[in-house]
Amino acid sequence: MSDSVVVAGAVCDGGRLLAARRSAPPELAGRWELPGGKQEPGESGEQALVRELREELGVEAEPQERIPGEWPLKPGLVLRVWTVRLLAGVPSPLEDHDELRWLTPDETDTVDWLDQDRPAVAEAVRRLREA
Ligand code: DCM
């Protein structure tokens with residue numbers, strides 16, 4: 001059986017990266033992540049990401065490029081990440097998060113990212129610096 005997938009977005013706007021602080025479960029609460037969630041059967045990764053960002057942040061967003069690689073979360077579950085452009089709306093922490101921050105490349109080390117998100121954050125920041 002193939003792995004289940006969690007999709008997440010490196011949402012970039014105005015040269016900054018969006019970081020979201022988890023409010024649950026207790027073992028992850030307070031850590032920061034790229035927002036996203038589980039890909040459901042019948043959805044593409046991009047479709048799942050658009051849905052998750054609408055539900056969690058209240059925005060319309062467009063996945064741009066997949067960040068190469070995937071990162072294990074637990075047996076049978078992997079994380080995949082896309083860079084994302086905002087189309088409409090201002091992100092707010094509607095579900096699963098209690099704080100959002102827009103970070104410049106120099107600020108991205110100021111929050112405690114989930115370990116599994118760190119490689120994709122580093123790559124997103126590298127791309128932000130180049131842009
Ligand atoms: N997850 C993660 N990194 C992300 C998003 C999610 O490691 N950027 C993990 C946390 C949960 C699982 O994926 O173990 C499912 O996420 P959620 O609870 O947000 O659906």
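In what follows, residues are counted from 1 in the order of the sequence shown. Read the numbers this way: they start at 1 and go in the same order the structure lists the ligands and their atoms. If you're wondering where the values come from, they're calculated on a predicted model, not measured in any experiment.
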Identify all pairs of nitrogen or oxygen atoms, one from ligand 1 and one from the protein, separated by less than 3.5 Å, and list them with distances.
from	atom 1	to	atom 2	distance (Å)
ligand 1	3 (N)	Asp117	OD1	2.7
ligand 1	7 (O)	Gln116	NE2	2.7
ligand 1	8 (N)	Leu34	O	2.6
ligand 1	8 (N)	Asp117	OD1	3.4
ligand 1	8 (N)	Asp117	OD2	2.7
ligand 1	18 (O)	Arg22	NH2	3.0
ligand 1	19 (O)	Arg22	NH1	3.1

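Cation-pi geometry between Arg66 and Trp82 is met: the NZ or CZ atom falls under 6.0 Å from the ring centre, inside 45° of the normal.
A distance-only check finds a donor-acceptor pair linking the side chain of Arg118 to the backbone of Trp113 [under 3.5 Å].
Ion pairing between Asp115 and Arg31 holds under the 4.0 Å rule for side-chain N and carboxylate O. Ionic pairing of Arg101 and Glu99 is present here: one or more N-O contacts between side-chain nitrogen and carboxylate oxygen are shorter than 4.0 angstrom.
No side-chain heavy atom of Leu77 sits under 4.5 Å from any side-chain heavy atom of Pro72. With a 4.5 Å cut-off on side-chain heavy atoms, Leu103 and Thr110 count as touching.
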